[in-house]
Amino acid sequence: MSHKIKYYSTNLRAPEVSFREALLRGIAPDGGLYMPRSVPELTRKELESFTDREYYEIAFVILNKFLKNEIGYKDLMSLCRDAYNFSVPLEHVADDCYILRLDQGPTASFKDFAVRMMARLMNYFIVPEQSHYTILTATSGDTGSAVASAFHGFKHIDVIILFPLDEVSETQRKQMTTLKGNISVVAVKGKFDDCQRIVKRAFADEAFRNLSLSSANSINIGRLLPQSVYYAWAWSRSGRKPVVFSVPSGNYGNLMGGLIAREMGLPVEKFVISANENNEVPEYLRTGIYRIISPSLNCISSAMNVGHPSNMARIIALYGGVMNEKGEILRSPDLGRMQDDFYGISVSDQVTRETIFSGYNDHRVLLEPHGAVAWKGLQHFLSGKSPEELNGRVFISLETAHPAKFPAEIRRILNFMPEAPPSLSKLAEIDEEYLTIENDYNSFREYIQKTH
Ligand SMILES: *Cc1c(COP(=O)(O)O)cnc(C)c1O
């Protein structure tokens with residue numbers, strides 16, 4: 001008998017579902033987030049074989065453990081090969097320290113890893129049904145461009161992206177508005193929160209029933225599973241030793257990927273949780289008190305400006321607790337075990353800038369603000385450790401965006417412009433297409449009724 005892995009809701013008040021259903025629903029009917037009921041294990045042999053495998057092959061082995069009774073292995077292999085057609089460099093910095101560069105995908109942020117796979121999985125399930133879905137998502141920058149790029153050209157899925165007119169960079173905007181085809185982009189004369197409010201109302205609007213709206217945001221389980229792969233990849237390429245990862249965190253989807261990899265058997269000794277000044281999680285680890293930061297603080301590592309991470313409920317669930325959408329802890333997790341597994345640290349903007357400076361001048365590594373927060377977090381963790389405590393281990397810091405996405409900041413600190421990868425530099429020549437609407441729900445409604 002072959003069994004599908006079941007996914008439960010972190011609110012514990014919704015039925016368990018298959019991966020397919022969790023993927024297409026996004027959020028559980030009780031408002032909770034889907035989590036796998038059981039995490040399959042990688043054998044020692046499988047783990048060791050990773051050293052000789054390509055990235056997409058490791059992705060296949062890991063995802064196949066979850067999906068083997070829902071997707072044929074040949075199909076899954078070709079989805080993996082198609083999604084991961086770019087390099088994933090592990091840069092040696094000094095001693096046993098590395099930087100994992102997750103910035104070589106088509107939109108130059110680590111979100112490509114999650115969204116490219118999620119898009120292909122959705123498409124895989126939708127096409128045979130001959131149904132049609134519309135992905136509706138609000139973005140403050142990186143998610144929108146990754147989603148637009150990942151779904152571009154799919155015949156059964158349209159994408160509508162809302163962004164705050166004056167709050168995304170020119171590059172980020174162009175990454176969304178130059179694709180066209182099944183990608184529609186709407187600029188809202190308002191803030192990111194306004195875009196999110198419009199999206200939420202649209203999901204509840206009966207008039208849009210026929211569009212089969214689905215979301216592509218970071219709460220989708222289809223984004224989390226693929227993010228476990230690069231942890232295994234980095235381990236396999238750094239000598240297969242016990243490893244400490246430093247993860248620059250905002251909504252903590254990246255960290256969740258690492259936790260899944262560890263549950264599967266990857267020998268992770270500790271996760272350094274590197275936050276910017278939005279320090280609600282490091283503070284929770286220190287004090288056991290969870291306090292949402294609202295509104296969230298505006299730091300230069302802007303993709304991490306989150307005052308209540310959406311994946312917090314999942315982390316709490318993994319440690320035996322229950323947290324609702326409001327961030328209230330209804331059942332306490334095992335805080336002691338969390339404190340053993342995590343090292344939490346908050347890094348200020350000033351220290352982030354100093355780290356970009358010293359990273360380049362001491363080690364010739366080029367970091368952008370998010371990766372710099374992680375690198376600083378790792379340095380902090382390492383300081384004060386004795387040589388015996390460090391012996392036989394490797395330390396890997398995650399870089400989540402390409403430095404060329406932050407040209408002004410880097411130039412101010414280092415006095416030169418980072419060289420843009422081709423995916424970014426060619427944007428300048430392509431025409432844009434997007435519509436600007438007033439900051440109210442009816443303007444959006446009219447737009448949809450005219451165009452979709
Ligand atoms: C989204 C993002 C993050 C935060 O990742 P989470 O999974 O939300 O913790 C960090 N860095 C960059 C560049 C991002 O785009």
Side-chain angles (χ1 to χ4, degrees), residues 33 99-118 137-150 163 168-169 171-172 175-176 192 216-231 245-261 271-282 296 299-315 342 344-347 352 356 366-377 397-406 409-410 418 421 424:
L33 307 181
I99 286 176
L100 179 64
R101 294 220 177 250
L102 303 172
D103 59 2
Q104 303 290 300
T107 72
S109 98
F110 94 108
K111 294 199 165 55
D112 286 327
F113 285 85
V115 184
R116 283 175 70 76
M117 196 66 214
M118 179 183 65
T137 196
T139 185
S140 56
D142 285 340
T143 296
S145 48
V147 167
S149 160
F163 73 90
V168 311
S169 73
T171 304
Q172 285 175 326
Q175 284 182 303
M176 302 184 271
F192 172 61
N217 62 19
S218 67
I219 52 107
N220 196 302
I221 187 73
R223 274 178 67 163
L224 287 192
L225 300 184
Q227 291 186 149
S228 59
V229 177
Y230 45 77
Y231 289 91
F245 285 104
S246 179
V247 187
S249 293
N251 267 319
Y252 289 79
N254 198 351
L255 180 75
M256 271 305 302
L259 289 171
I260 292 169
F271 290 99
V272 178
I273 290 182
S274 300
N276 61 23
E277 293 168 31
N278 294 282
N279 64 353
E280 65 283 351
V281 180
S296 58
C299 297
I300 55 171
S301 46
S302 54
M304 290 154 49
N305 292 340
V306 183
H308 173 35
S310 51
N311 280 294
M312 197 59 193
R314 284 193 168 111
I315 297 171
F342 302 130
I345 166 105
S346 157
V347 179
T352 304
I356 293 174
L366 189 53
L367 295 165
E368 51 69 55
H370 307 81
V373 167
W375 182 245
K376 183 67 202 180
S397 186
L398 273 49
E399 168 68 295
T400 46
H402 196 286
K405 290 190 106 171
F406 304 87
E409 193 65 51
I410 306 267
L424 298 182

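Because the structure is predicted, anything quoted here is derived from the model rather than measured. Order of appearance sets the numbers: ligands from 1, and atoms from 1 within every ligand. Excluded from the calculations below are hydrogen atoms, water molecules and symmetry mates; all remaining heavy atoms, backbone and side chain alike, are included.
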Results of ring-ring contact (aromatic ring centres under 6.0 Å, His included) for Phe110 - residues two or more places apart only: none
Heavy-atom check, side chain of Pro248 versus side chain of Met304, under 4.5 Å: yes
Lys/Arg N to Asp/Glu carboxylate O, Lys405 vs Asp103, below 4.0 Å: no
Non-neighbouring partners of Glu368 that pass salt bridge (Lys or Arg N to Asp or Glu O under 4.0 Å), sequence neighbours left out: none
Partners meeting ring-ring contact (aromatic ring centres under 6.0 Å, His included) with Phe192 (sequence neighbours left out): none
Per-ligand residue contacts, ligand 1, heavy-atom threshold under 4.0 Å: Phe110, Lys111, Asp142, Pro248, Ser249, Gly250, Asn251, Tyr252, Gly253, Asn254, Ala303, Met304, His370, Thr400, Ala401
Ring geometry between Phe271 and Phe245 (parallel below 30°, tilted from 30 to 60°, perpendicular above 60°): parallel
